[in-house]
Structures are given as C-alpha cells and as structure tokens.
Protein chains: 2
Amino acid sequence: MLNNFKKSFLILSPRYFNNFSIRSLCTKPFYKVPKAVNAKVTQRKSLEKQVQITKKFKQRLSDYYRTMATPEIEAKLAPLRAAVKEYADIIRELKSNNAPQNDVAKAVVELKARKKKLEDAEIELMPKDAAFDRPKLEDLLKRRFFYDQSFAIYGGVSGLYDYGPMGCALKQNMLQLWRKHFIIEDSMLEVECSMLTPAPVFKASGHVDRFVDWMVKDVKTGECFRADHLIKNHAEKIKADKKSNAQLKAELDDILNRLDGFDNNDMQNVIAKYNFKSPITGNDLTEPQAFNLMFPTEIGPTGDFKAYLRPETAQGIFVNFKRLLEFNAGKLPFASAQIGAGFRNEISPRQGLIRVREFTMCEIEHFVDPANKEYPKFKKVKDTVLNLYSADAQMDGKSFTPMSIGEAVAKGIVDNETLGYYMARTHLYMLMVGVDGTKLRFRQHMANEMAHYAKDCWDAEVLTSYGWIECAGHADRSCYDLNQHSNATNVKLVAEKKLDAPKTISGLEIVPNKAIIGKNYKKTSKEILAKLSALTIDDIKKVEETLNESNEYTIETTDGNATLTKDMITVKPFEKTVHVEEIVPSVIEPSFGIGRIMYAVLEHSFRTREGDEQRNFLELPPALAPIKCSILPISSNERFEPLIDAIVHLISTYGLTYKIDDSAGSIGRRYARTDEIGIPFGVTVDFESEKEPHTVTLRHAASTEQVRLELDVVGEVIHKLCTSRYTWDDVKKQFPLFTSEQK
Amino acid sequence: MLNNFKKSFLILSPRYFNNFSIRSLCTKPFYKVPKAVNAKVTQRKSLEKQVQITKKFKQRLSDYYRTMATPEIEAKLAPLRAAVKEYADIIRELKSNNAPQNDVAKAVVELKARKKKLEDAEIELMPKDAAFDRPKLEDLLKRRFFYDQSFAIYGGVSGLYDYGPMGCALKQNMLQLWRKHFIIEDSMLEVECSMLTPAPVFKASGHVDRFVDWMVKDVKTGECFRADHLIKNHAEKIKADKKSNAQLKAELDDILNRLDGFDNNDMQNVIAKYNFKSPITGNDLTEPQAFNLMFPTEIGPTGDFKAYLRPETAQGIFVNFKRLLEFNAGKLPFASAQIGAGFRNEISPRQGLIRVREFTMCEIEHFVDPANKEYPKFKKVKDTVLNLYSADAQMDGKSFTPMSIGEAVAKGIVDNETLGYYMARTHLYMLMVGVDGTKLRFRQHMANEMAHYAKDCWDAEVLTSYGWIECAGHADRSCYDLNQHSNATNVKLVAEKKLDAPKTISGLEIVPNKAIIGKNYKKTSKEILAKLSALTIDDIKKVEETLNESNEYTIETTDGNATLTKDMITVKPFEKTVHVEEIVPSVIEPSFGIGRIMYAVLEHSFRTREGDEQRNFLELPPALAPIKCSILPISSNERFEPLIDAIVHLISTYGLTYKIDDSAGSIGRRYARTDEIGIPFGVTVDFESEKEPHTVTLRHAASTEQVRLELDVVGEVIHKLCTSRYTWDDVKKQFPLFTSEQK
C-alpha cells in the first residue's frame with residue numbers, strides 16, 4: 001500500500017489555489033487558541049473566503065470526457081501530445097540500450113514536465129459554459145450538516161471533519177453497499193484490526209522509513225512548511241509580480257512543471273538559488289527534513305512502547321495471514337477485507353474531504369498463488385467496458401480508451417485476471433453509488449511510479465472540480481508484505497501448494513544436538529538453532545568444510561560469536577519425498593478512500609433546477625440517499641395526522657428512513673428543502689387523500705413528476721424503487737400522473 | 001461520561017486471578033521484542049496458561065438469579081445483608097444530622113467493605129453444578145477466529161484484539177441492530193466525529209485532570225505497576241503464605257475489602273506500612289502517581305499542537321451541539337447518537353474483551369429542557385419489567401427487584417421519564433441480541449459514586465463468568481458538559497424556550513462606542529467588547545459608579561489593562577419584552593460498550609450438546625448470527641452441484657449469508673462444525689433431493705430438528721426465520737419432520 005497510494009495522494013498538487021494567501025502555508029496558525037473567542041472564528045471565516053474559487057477556475061471545470069472528443073481541441077493538443085511521445089521514445093531507447101540510470105531518471109523528469117503541460121492545456125481548453133459551482137455545493141453541505149470542520153467552536157483543526165446526520169447516513173449506506181458488493185458477494189473474510197499499532201510493524205512494512213513528506217523550518221521560530229508547497233507559492237508570487245522579468249518567469253514555470261518529481265536535494269537547490277525565506281517572518285529556512293506522516297503515540301505508562309496510529313488498514317490483514325489461511329482451511333486463493341479508519345498527519349491539509357488527517361478506508365487483500373492468477377469469476381465481468389488509461393497511452397501523450405476488461409487482460413494491458421476482476425468490480429461499484437461513468441477512468445502506474453516490488457497498478461480516478469482524483473487503487477504487490485513481516489518476526493507466512501506429482505528432494509542438513517548447545521549457550525541457544533535452520537544448502541556446504549578443517553564453526557549471535565563443535569552439530573545428506581511445496585502468496589490489493597468517493601458522488605449528483613438558479617438539489621441513487629422519503633401534509637391541519645401515522649407505519653415496515661415536514665412553509669418550499677438533502681421520493685397528503693379508499697401522491701424528486709396511488713401500496717412501491725426493482729418509469733406506467741402547480 | 005463510566009470500569013477488580021503470576025503486574029514485558037523469535041510466543045503461551053481458571057473459580061459461576069431465590073442461601077446471607085443495612089442507617093443518620101464530611105466518608109468506606117463481603121458471599125454460595133467453563137468458550141472463539149490478540153506474530157499487545165470473520169460479522173450485526181433499534185426507530189441525529197481531539201477539548205471536559213489511574217514506579221528501573229493491583233497481589237501472596245499470622249491476614253482482608261474506595265494517600269499508607277516493594281526487582285517504589293489514561297499524540301509537524309485519542313465519543317456530540325440544534329430547527333428535545341471507537345491507555349489490561357485499550361462505543365446524548373423531562377413515547381415502554389437494583393436496595397443489603405419502568409418512575413425510584421425510556425429500550429435491545437434476561441440488572445449509582453453534577457445514573461449490568469459487568473450506562477448529566485465547553489470557548493451552547501407568556505425585562509446595559517474603542521485598542525477591542533457583554537447587572541452597576549467617580553473604568557485583557565473613558569462606554573437602563581428564554585439543556589446519556597455486550601452474548605449463548613460434552617455450540621439469535629445458513633451436500637458428488645447453485649441463488653436473493661461445506665467429513669461432523677460458529681440453520685442436499693419437485697432438509701441447529709421442504713421456498717423460509725416472522729415451531733407446523741441419525 002505504501003508507495004503507490006501515498007504517492008498519488010501527494011501528487012494532487014492544489015494548483016487551483018493561486019489566490020490562497022501564502023499564510024496558509026504555515027502549519028502553525030491552524031490551531032492555536034485553546035480559548036477561542038468568537039472573534040477568532042470570524043477571522044477564520046475571512047481566511048476561508050480567500051480560498052473560494054475564482055471565476056477563471058469555475059470555467060475550467062467540466063465534462064472532460066465529451067470535451068476531449070472535439071476535433072478542434074484535439075488539433076490544439078496534438079503538438080503537446082507529440083512532445084510527450086518524443087520523450088517516451090527517448091526513454092524507451094535509453095532503456096533498450098541499457099543507458100546509465102541517471103540518464104533515464106533525467107529523461108523521466110522531462111517526460112513528466114511535458115505530461116503536466118499537456119494536462120494543464122487539456123483543462124484550459126474545456127468549454128467555458130460547463131462550469132461547476134463548487135462554493136454552492138459546499139454551502140449546501142455545510143448548511144444542511146452533511147459534514148463540517150471538527151472542533152469548530154475551539155477554532156477548528158485542518159484536515160479533520162465531523163459528519164452530521166446526512167453525511168453520516170450517506171457514508172453508512174456507501175459502506176453497507178461496499179460490504180454487500182465486495183465482501184458478501186465474493187465471500188471475503190472480513191476482519192477488524194487494531195488502529196493502534198506497535199512501531200516494529202511499521203518498521204517492517206517500510207512506513208517508519210519511507211512514509212514521509214519533506215518540510216523546511218523557519219530557523220528562528222521553528223514554524224514548518226511543506227517544502228513543495230513553499231516553493232510553489234513563492235514561485236507563483238514571483239510570477240504574478242509585474243516587475244519580474246520574462247526569463248525568471250520561464251525558469252519558475254519550468255520548476256513548477258517539474259516540482260512533483262523533485263527530491264529533497266532538488267528542492268534545496270531551488271530554495272537556495274532563489275533565496276526563498278519564511279513567508280511569515282522572512283527568516284532563513286532549514287534544509288528539507290523528512291517528516292513522518294504517521295501519528296505517534298505510546299502504549300502503557302512506561303513511555304518505551306512506541307506505537308503509531310495506522311496510516312492504512314492493510315497491515316492488520318497481513319499480520320493475521322496465518323489465522324486467515326487457517327480459517328480458509330489452508331486453501332488459496334482467498335480475499336480478506338477490512339473497513340476502518342486510517343490516520344495521516346498531513347503537514348498542511350487542504351482540499352476538503354480530498355486530503356484529510358483521519359479517514360475511512362476499505363481495503364481488500366487477495367492472496368493468490370504467484371504462478372496462477374486466473375480467476376474463475378472473471379468470466380462474469382469480462383465484457384465490462386472500462387476507460388483504460390494505460391502507461392503506454394500516458395507515455396505517448398494519448399487520452400484514455402474504453403475497452404472491455406476481457407480484451408485488456410487478453411492483450412496483456414492489465415497483468416492478470418484477478419487484477420482485472422477487481423477493476424471491473426470497482427467500476428460497477430462506482431456506477432452504483434452514483435459516480436458519473438464518463439468521469440471515471442483507470443490509470444495505470446508508469447514504471448517509475450510503482451514501488452520496485454509491485455507488478456501492476458491501476459488507480460480508479462474520478463474527475464471532480466479538484467481535477468482527476470484517485471479514489472481507489474488496484475495493485476499487484478507480489479509477495480512483498482508477507483515477506484517483510486516474516487523476516488521481521490521469523491514467523492513463516494506461507495501457504496502449502498499441492499504438487500502435480502510427488503517430488504524427491506535431496507540435500508544436506510544440519511542436525512543439531514540441542515542438549516549440548518542448550519547447556520553451553522543457554523538462552524542464546526534458541527537463536528543459534530533458528531539461525532542454523534535458516535541456512536541454505538550452499539551455507540551448509542561451507543559449514544561442513546569448516547567443520548572438517550578446523551573441527552568447529554563460528555556463528556554470529558546478538559550475544560557475540562558462538563563456537564559450535566562437532567559434538568554440537570552434524571552435517572548429513574538427506575532425501576525425502578514431498579507432496580506439497582511452500583509458497584509465499586502474491587497479494588492483489590484494491591484499496592478505497594470512501595471520503596473521496598463520497599465527495600465525488602456529491603459533486604456528480606449536484607443539480608440546479610431548470611429555470612431556477614437558486615434551487616439546487618442532489619440527485620443521489622435511492623439506495624444511497626440518507627432519507628428515502630419525505631412525508632408532507634399539504635397543510636398542517638390536525639385531521640391529516642391519522643393518515644400520516646398510517647404512512648409512517650407502512651414505510652417503517654420496509655425499514656425505510658423518512659422525514660415528516662409539517663411546518664408552515666408552502667409545499668413548494670418544503671419540496672425544495674427535501675430535494676436539497678437528496679430525498680428521492682416524497683409522499684404528499686392532500687384534501688383528496690381523505691376520501692376512501694385513501695390515496696396520496698408520490699413525487700419523484702429528480703423529475704418533479706407525481707403520481708397518485710392508494711395509500712396502502714406506498715410503502716411497497718418506495719421500497720421497490722429504493723432496491724432497483726422498480727424504475728420511476730415503471731411507477732408511471734402503473735399509476736395515473738398527478739399534476740400540481742407546486743413542484 | 002467521565003466519572004461514572006470510568007469509575008465503574010475500574011471497580012471491576014479482577015478478583016478471580018489469584019493464581020495469576022505476580023509478574024503480570026509489571027506493565028513492561030507485555031511488548032518488548034521488535035524481532036520476536038518463536039520462542040517468545042511460546043513463553044507467552046505458558047504465561048497465558050497461568051491465567052486459566054482454577055476449579056474453584058469455575059464452580060462459582062452460575063445462574064445467579066435463580067440461586068438468590070433459594071431460602072437456604074438467603075438465610076446464610078441475612079446477617080451480611082443486615083450488616084450492610086446497619087451502616088446505611090448510620091450514614092443516613094450522619095447526613096440528617098449534618099455530620100462532618102469526614103465522618104460520612106469514613107462510614108461510606110465501611111459500608112463499601114460490608115457490601116463487598118456480601119457480594120463475595122453471594123458468589124461463594126452459588127450452586128457448584130451450574131459452573132460455566134470459560135476456557136472451553138475461549139478455545140472455541142480463538143480456534144474459529146471470532147477474535148484474538150492483535151499483532152500476535154510480533155509478540156502481541158495486551159488489551160488490543162483483532163476481530164476475525166466471525167467476530168467481525170457478529171459485531172456488525174449487533175451494531176446494525178443497535179442503529180435500527182435506537183437511531184432509526186427514534187429518529188436520532190447520527191454523527192461521526194473525529195477520534196483525534198485537541199487537548200483543550202478534554203481540558204474542558206475534565207479528562208485531562210481527572211481521567212487517571214494511580215501507579216507506582218520501581219525507583220531504580222522505572223517499571224510501572226497499577227497501585228491497587230500491586231497492593232492486591234502483595235496482600236494475596238501474604239495471605240496465601242502459611243507462615244503469615246492470623247492477625248496480619250485479617251488486616252489484609254480488611255484492606256482488600258476497602259481497596260476499591262482507596263485514594264492515593266490510602267494506598268501509599270498501605271504500601272509504606274507493609275513495606276511493599278517491586279515484585280520484579282524487590283526495589284523501593286515511588287508514591288502513587290497519577291497516570292492519564294488517554295493516548296497522547298500531536299497534530300501537524302511543529303510538536304506544539306497536543307492532542308489525544310478520544311476515550312469516549314460523547315465530546316464530539318457536545319462540541320457539535322449548535323449545528324445539531326440548528327439541524328433540528330432549534331427544537332428540544334432531540335437525541336444525537338454516535339457509533340465509533342474509543343481508546344483508553346489502561347496500565348495493565350486483562351480480562352479479555354472486558355477491559356481493552358481500543359473499543360467500539362455507541363453513545364446517545366439526549367438534550368432536553370431541564371424543567372420538563374417527560375417523554376411522549378414513554379407510554380409505549382411503561383409496562384416493560386426490569387430488574388432494578390436501586391441505591392436504597394444496595395444500601396440496605398437487599399438484592400434487585402423486578403419492577404415495571406412505569407412504576408419505577410411513578411415512585412421516583414428512576415428520576416424521570418426520559419431516563420426510564422432509555423433504560424427500557426436498553427433492556428429490549430439486550431434481550432434482542434441474546435443477553436439472558438435473568439442475568440441482566442439495572443444498578444443505580446449510589447450518591448457517593450456519582451459525579452457532583454449527575455442527577456441519576458443506572459448501569460445495565462450483565463452477569464458473566466467475570467461477575468456482574470457494566471455493559472451500558474444511563475446517566476442524567478444535567479447541563480455539565482455543555483456548560484464546560486461553553487465556558488472554555490465563550491460560545492453560547494443554549495436553546496431557546498418559548499415562554500408561556502411574554503415577559504418584560506428591565507435592567508442596565510453598557511453601550512460601547514465600537515469605533516472609538518476599536519481605534520484605541522485595535523485587535524484587543526474584540527476581547528474588550530466580549531468582556532463587557534459578559535458583565536452581570538451587578539458588575540454594570542459597579543462600572544456606572546466607577547465611571548461617575550473617576551470618569552474611567554479599567555478592564556483586564558490578555559494584553560494588559562485597558563482604560564475605558566466615558567466617550568467609549570455609556571451605561572443606561574433598558575426595558576424589553578421577550579417571548580423566549582435561553583436555557584442550557586440537560587443531557588441524558590445512554591452509553592454502550594459493544595465489546596462487553598458481545599462477550600456477554602457469547603457466554604450466554606454457549607451450549608453443550610446434551611450427552612456429548614465435547615460438542616459445544618453457540619445458540620445465537622438468528623438476526624445476529626454471522627452466517628445464517630449452511631449448505632451441506634450429503635456427499636461430495638458432483639451431481640449435487642446444480643442443486644447447490646440453485647440454493648445459493650435463492651438464499652442470496654434475500655441477502656442472507658451462507659457457508660457451503662462440501663468437504664469429505666461425515667455429515668454429523670460437518671453439522672458440529674457449523675453449530676460451533678452459531679449458524680442457526682442448515683440446508684442439506686441428499687439423494688432424495690434429486691427427485692422432482694426438488695426438496696431439501698432444513699435443520700434447526702438449536703434443537704437439531706429437521707424438516708423436509710421444497711427447494712423453491714427455502715430462501716423465503718430462512719429469511720422469515722432470521723427476521724422473526726417465523727419461529728421454528730411455525731416451520732414445523734408447515735413442513736413434515738425429517739428424521740435422520742445424524743444430528
């Protein structure tokens with residue numbers, strides 16, 4: 001999970017925040033005031049205003065997919081695409097000639113810079129009329145308490161959000177659908193592991209050493225800035241300054257294009273060359289220092305048991321591998337899944353739900369024989385068409401291509417059936433929860449993006465007003481994780497694979513005399529025995545030689561060297577027949593950030609009522625809607641109460657959530673209020689309802705159409721609509737349309 | 001949430017662990033080895049063995065309720081009950097005579113000691129044949145991976161558990177039932193708040209100062225011990241020593257009885273008097289020091305933003321009070337609920353799921369007008385009979401009494417309808433998830449157990465092999481929490497209450513000239529204005545006097561004193577008519593520890609098959625069972641496959657979970673395997689099944705009875721059984737019984 005997900009989380013440079021005050025770079029002010037007076041809250045608000053989006057920005061956002069299809073725009077992009085391809089060809093040539101690593105790396109930096117130019121142009125060329133009004137959506141989400149900043153009365157904390165009743169129900173519904181779609185349908189082994197995790201676990205996984213961002217500090221005040229953000233903001237400030245000369249601007253442009261690929265030395269060179277200082281104090285800055293993104297803590301009172309809050313849920317599954325394999329009766333393949341919280345101590349989080357410090361992940365670890373990644377259920381999804389954006393397409397400056405996953409696996413574009421199966425399942429899940437399929441693509445990692453151990457990685461990316469954001473990763477991580485934990489603990493994490501035919505193995509083995517070793521080396525003897533049993537045949541041959549030459553063999557232990565004599569160990573040949581072999585399974589890992597998907601769904605379901613710019617609403621899939629149905633009496637007359645009670649009873653029978661709005665507002669205003677929080681259906685009780693048999697109207701929020709039906713069937717009809725057994729068209733065919741002035 | 005829950009968490013003294021090695025007291029060894037060799041795991045196991053339960057202990061555990069009813073036992077307990085009552089009377093008399101606080105406190109300590117003697121006798125007198133075999137249950141839960149110690153391959157961490165597929169599904173089902181029973185049925189506002197919490201929030205709530213345990217340290221090595229555990233273990237060791245004299249033993253008995261009520265000074269006196277040393281090294285110990293049970297961390301890179309992992313979810317609701325009130329259109333009462341993780345850094349956790357460092361809580365905060373705690377829905381539950389164990393009954397040495405909640409509220413035993421409503425709802429939830437109603441009681445806190453601000457508290461306690469454990473608390477916390485956060489932030493946390501009639505208010509007010517103050521005091525002016533607006537009428541009178549005398553008034557600010565002159569502030573009388581008044585709502589808080597309830601349910605549903613001691617199984621309520629149904633072909637013949645596919649399809653249509661076991665074992669052995677993990681129903685395909693119309697047998701695991709029915713209806717029947725629409729008796733009436741040798 002480490003490099004891929006992490007990296008792409010970081011790649012999302014917030015390039016739309018040009019107008020954001022440089023102050024925001026500073027990580028200190030985001031939470032300072034233990035006793036916040038209201039004044040402070042006001043100040044925070046005015047800061048927030050600065051983040052709001054410029055007109056230019058609004059115009060950029062749009063139906064990307066449709067846009068890319070117009071020939072006019074493609075003509076303008078052609079030279080940029082060619083420029084990317086040019087470097088891709090150079091890299092391929094360098095690689096085939098086994099050119100020095102350094103030359104390849106340089107060429108990759110240039111390739112990335114050209115890719116970024118192309119991407120910027122793509123967004124720049126979007127039609128100006130298809131803008132998305134993010135502030136309007138954000139206003140709705142805040143006002144109706146979908147989610148909001150945590151601890152606001154205490155001044156708030158960046159990157160932490162509380163979900164209100166609407167957001168909480170929406171998220172719960174997304175998670176339940178996820179559980180049903182992935183865990184239940186594929187009989188995965190669900191686990192729930194501890195979030196508190198001992199440091200050695202993350203030492204083994206690589207997080208302690210490599211899960212870092214680079215930051216610089218004000219040498220006098222100690223204030224911290226994320227190094228790449230600092231460079232970006234300084235460079236943009238200079239570029240915006242009319243006094244800056246053209247050559248300097250061009251240099252900085254080049255730096256901005258390359259920034260994503262910079263390491264700490266590259267960044268230090270830029271900071272030194274342009275003499276960048278602290279934006280707050282003007283003081284000098286330290287060189288970039290690694291800052292680990294895990295939250296540290298301690299378990300127990302002694303202070304010497306270091307732990308971290310997990311930055312991902314995956315490790316909990318890996319350390320339970322033995323138990324899970326046993327639960328699965330020792331058989332491969334099997335998948336284990338976990339839904340839970342992850343924590344990342346971002347240096348200065350922004351972008352709302354896209355980059356947060358505490359988040360819910362859904363992760364699957366599919367353990368499979370490395371020699372056979374075929375998947376029986378693959379045939380069920382093979383005709384699913386995905387927008388595939390392969391590494392080759394990216395290298396060549398092309399756009400993504402719709403292709404069936406069956407074809408992609410057959411052509412070797414996607415490495416294997418198991419990986420392909422999960423990509424298709426993710427695609428189906430995304431559509432089910434309301435992601436717009438034209439704004440969904442699967443982008444393959446290029447060789448230089450992947451960790452060395454990864455075989456193939458595809459990110460499900462969704463186009464939002466923040467650009468393409470990674471919402472789910474699909475990685476074939478080979479056997480890296482199990483090996484790391486096995487090496488760290490000396491516990492074998494392997495599965496047994498039945499051989500096609502029994503095999504005779506011959507070799508050399510060391511037979512230790514445990515009694516004598518134990519007597520001589522006491523508590524060290526266990527370590528000695530473990531080391532002896534870990535020796536390879538070649539090692540054993542050397543031991544034999546040494547023993548024969550000098551009658552003893554010396555082995556290193558944590559308590560110093562131990563000398564083993566011939567009475568302690570004997571080397572002898574052996575031969576045995578085996579029916580199974582031990583294999584370390586490969587891991588294929590689909591990993592989802594639920595907050596990001598939820599945000600994307602909210603953007604894609606946000607609508608404005610035709611002819612009324614002020615009336616916004618959410619068109620959520622009924623299965624996902626926090627509240628399935630509103631119940632509105634046409635007036636607040638008491639005589640409607642028995643009818644409302646009857647409706648509540650019918651609706652509750654089907655376990656549907658509802659909201660009664662019998663307030664004094666006009667029915668139209670009340671409809672608008674329920675539309676805003678994405679209630680898909682509304683039951684209205686009017687004066688006609690009192691006549692027997694009692695009838696009500698049922699309103700479809702997306703179209704504002706209404707039908708009249710008997711009260712008795714209303715629960716069943718809504719239930720069928722919410723479980724995809726009925727479409728609205730089915731309902732219209734069965735019941736007479738009802739026309740009302742109020743929509 | 002603070003004192004009540006916390007306290008009762010601590011009260012559970014692990015008195016059954018007499019044989020547990022004193023070494024386990026030491027908090028250091030529980031996680032030490034970054035690179036654990038298998039040897040370590042073995043060592044841990046042998047430690048675990050020592051925890052296993054003595055014969056004596058097994059015999060104590062039983063059907064407490066039934067036992068208490070026998071006259072023989074009651075006769076033996078009578079003098080002990082009288083002894084408790086004697087001191088209760090003394091305390092009542094002391095209080096009515098306004099005796100010194102100190103005298104009352106002393107009498108309370110004696111009362112508690114006598115109560116403990118009574119409780120010990122109650123457990124001692126249980127019939128020896130109704131023992132509960134905890135090791136057998138624990139073996140099952142571990143072997144079938146319901147849950148197990150986290151990070152075991154790294155040596156494990158005390159108090160952290162991972163839930164495997166069975167435990168995870170069981171817990172999910174419990175949480176979904178909780179959500180449906182409480183949140184959905186009562187239209188509560190569900191929220192999901194951050195776990196990472198800034199320190200000032202817990203400073204205000206009281207956790208930073210008071211959420212502590214007392215520990216002592218080895219003066220040389222720094223090893224930590226929980227002070228009460230240390231005393232308990234030393235005292236028991238001395239008592240067990242044949243050489244100890246009778247008087248010493250009696251003294252120590254007395255200390256053990258009083259230990260729960262000891263403060264740090266009492267414990268220090270004991271440690272000094274008996275010269276207790278470190279059980280590991282024999283070194284001297286420090287005086288008891290407070291150890292805060294919250295896990296500390298830091299947000300952001302600077303190191304000066306202190307935060308904690310929340311020890312409860314409640315504070316997240318309180319700090320969102322304003323948003324929630326607004327969401328509820330400003331109306332009281334309303335309830336908000338949260339399901340989420342809490343963290344407590346226990347010094348040395350034991351007792352499995354009962355005391356853990358990371359756990360799932362479900363909390364409700366019901367906000368209500370302090371002057372009116374009636375609850376309209378109370379009438380729906382008023383006839384629910386609960387086992388009430390009132391403070392008076394406890395004082396008088398009595399047992400609990402079954403009583404309807406309506407009667408309890410009418411008699412003033414339970415303080416108000418809202419509190420009573422939630423107690424009844426909790427009772428219903430507990431029965432629904434499988435808690436044995438005869439082992440469930442509601443115990444009222446005695447005055448000396450409650451925090452000063454709490455009005456009335458009742459714990460739902462469940463009898464398990466660990467004794468009576470608190471599984472849910474119900475506290476009327478008055479307006480403490482909202483006031484604390486309001487004071488800390490200067491943000492008003494109030495609701496508006498409509499007055500019966502408009503009211504005219506007259507008084508004095510200060511009218512500030514904001515322009516002049518702003519000009520003179522710049523950024524401090526906001527603080528000045530806030531302070532002026534917070535002045536009471538008496539304060540304002542003083543300001544007026546001072547102004548008249550000296551033409552100026554001085555106010556303290558964080559930037560020093562500010563002098564206000566007559567052109568800056570004017571004091572004038574005002575009169576206005578108000579229609580509403582501001583009130584700080586009372587909070588009624590039901591709070592559930594899901595892990596504890598789950599453990600209690602597992603104990604109460606653990607059964608041994610009659611006539612076969614080796615065959616244990618779980619009789620879980622079908623709604624709760626991780627897997628609803630097993631599918632077993634009578635033999636692994638390929639020709640059954642189409643039938644199995646058809647059954648899977650039917651069962652999946654109803655969203656039911658299933659497990660196919662087509663392994664080679666005998667059908668009886670396979671039944672036993674499915675019974676063990678609490679699968680309530682089993683579908684068996686036999687040779688008869690092949691005949692058209694296809695039939696299968698349906699097995700009821702609890703009774704091992706089977707019926708034969710048509711394959712087509714099997715999904716619907718199981719679905720109805722799992723949603724309480726059918727009982728097994730209903731099924732038996734409809735379909736012919738099938739008899740088989742294999743059960």
Side-chain angles (χ1 to χ4, degrees), chain A residues 27-28 31 34-39 145 148 150-151 153-154 157 160 162-165 168-169 171 184 189-196 198 200-201 203 215 222-224 291 295-297 299-302 305 316 319-320 323 327 341 343 345 347 357-358 485 488-491 526-527 530 657, chain B residues 27-28 30-31 34-39 145 148 150-151 153-154 157 160 162-165 168-169 171 184 189-196 198 200-201 215 222-224 291 295-297 299-302 305 316 319-320 323 327 341 343 345 347 357-358 485 488-491 526-527 530 657:
Chain A
T27 51
K28 210 169 180 184
Y31 184 79
K35 186 153 176 164
V37 280
N38 278 340
F145 200 7
D148 207 344
S150 300
F151 311 110
I153 64 170
Y154 280 84
V157 184
L160 292 184
D162 288 348
Y163 287 83
C168 199
K171 189 174 157 189
I184 310 275
L189 309 185
E190 188 177 359
V191 295
E192 189 185 308
C193 306
S194 295
M195 299 179 241
L196 289 163
V201 176
K203 183 73 190 169
M215 67 170 180
E223 277 179 309
C224 302
F291 172 68
F295 286 98
T297 191
I299 299 178
T302 58
F305 186 165
V319 298
N320 275 302
R323 291 169 177 159
F327 187 89
F343 302 83
N345 197 4
I347 294 175
R357 286 176 160 150
E358 192 181 314
H485 289 298
T489 59
N490 279 346
V491 174
K526 275 185 184 157
E527 185 184 346
T657 47
Chain B
T27 51
K28 209 167 180 184
F30 63 65
Y31 185 78
K35 184 150 179 168
V37 280
N38 278 341
F145 200 7
D148 208 342
S150 299
F151 312 111
I153 63 170
Y154 281 85
V157 183
L160 292 183
D162 288 348
Y163 288 84
C168 199
K171 187 173 158 191
I184 311 276
L189 310 185
E190 187 177 359
V191 295
E192 188 184 309
C193 305
S194 295
M195 297 179 242
L196 288 164
V201 175
M215 66 170 182
E223 276 179 308
C224 303
F291 172 68
F295 286 98
T297 190
I299 300 178
T302 59
F305 186 165
V319 299
N320 275 302
R323 290 168 178 159
F327 187 89
F343 302 82
N345 197 3
I347 295 176
R357 285 176 160 149
E358 194 181 312
H485 289 298
T489 59
N490 279 345
V491 174
K526 273 182 185 159
E527 186 185 347
T657 47

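Lettering follows sequence order; numbering is per chain, from 1.
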Run the numbers on A/C168 and B/V191 for side-chain contact (heavy atoms from CB on, under 4.5 Å), then give the verdict.
CA-CA 6 Å; A/C168 199; B/V191 295; 5.5 Å; no

Applying side-chain contact (heavy atoms from CB on, under 4.5 Å) to A/F145 and B/N320, what does each step give before you reach the verdict?
CA-CA 10 Å; A/F145 200 7; B/N320 275 302; 3.6 Å; yes

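Of all non-hydrogen atoms in B/N345 and A/I299, the two that sit nearest each other are OD1-C, 3.7 Å. In terms of heavy atoms, B/P301 sits closest to A/I347 at CG-CG2, 3.8 Å. Between A/S194 and B/L160 the shortest heavy-atom distance is OG-CB, 3.5 Å.
Interface check for chain B: of the options A/M195, A/M215, A/K171, the most heavy-atom pairs under 4.5 Å are formed by A/M195.
Using a 4.5 Å cut-off between heavy atoms, B/L189 touches chain A through backbone and side chain atoms alike. Proximity to chain A (any heavy atom under 4.5 Å) is shown, for B/E190, by both the backbone and the side chain. Looking at B/F295, both its backbone and its side chain come within 4.5 Å of chain A, counting heavy atoms on both sides. Contacts of A/T297 with chain B are made by both backbone and side-chain atoms, with heavy-atom separations under 4.5 Å.
A/Y154 has its side chain out of reach of B/P198: every pair of non-hydrogen atoms, C-beta onward, lies at least 4.5 Å apart. Side-chain contact check for B/L196 versus A/V157: every heavy-atom pair is 4.5 Å or farther apart.
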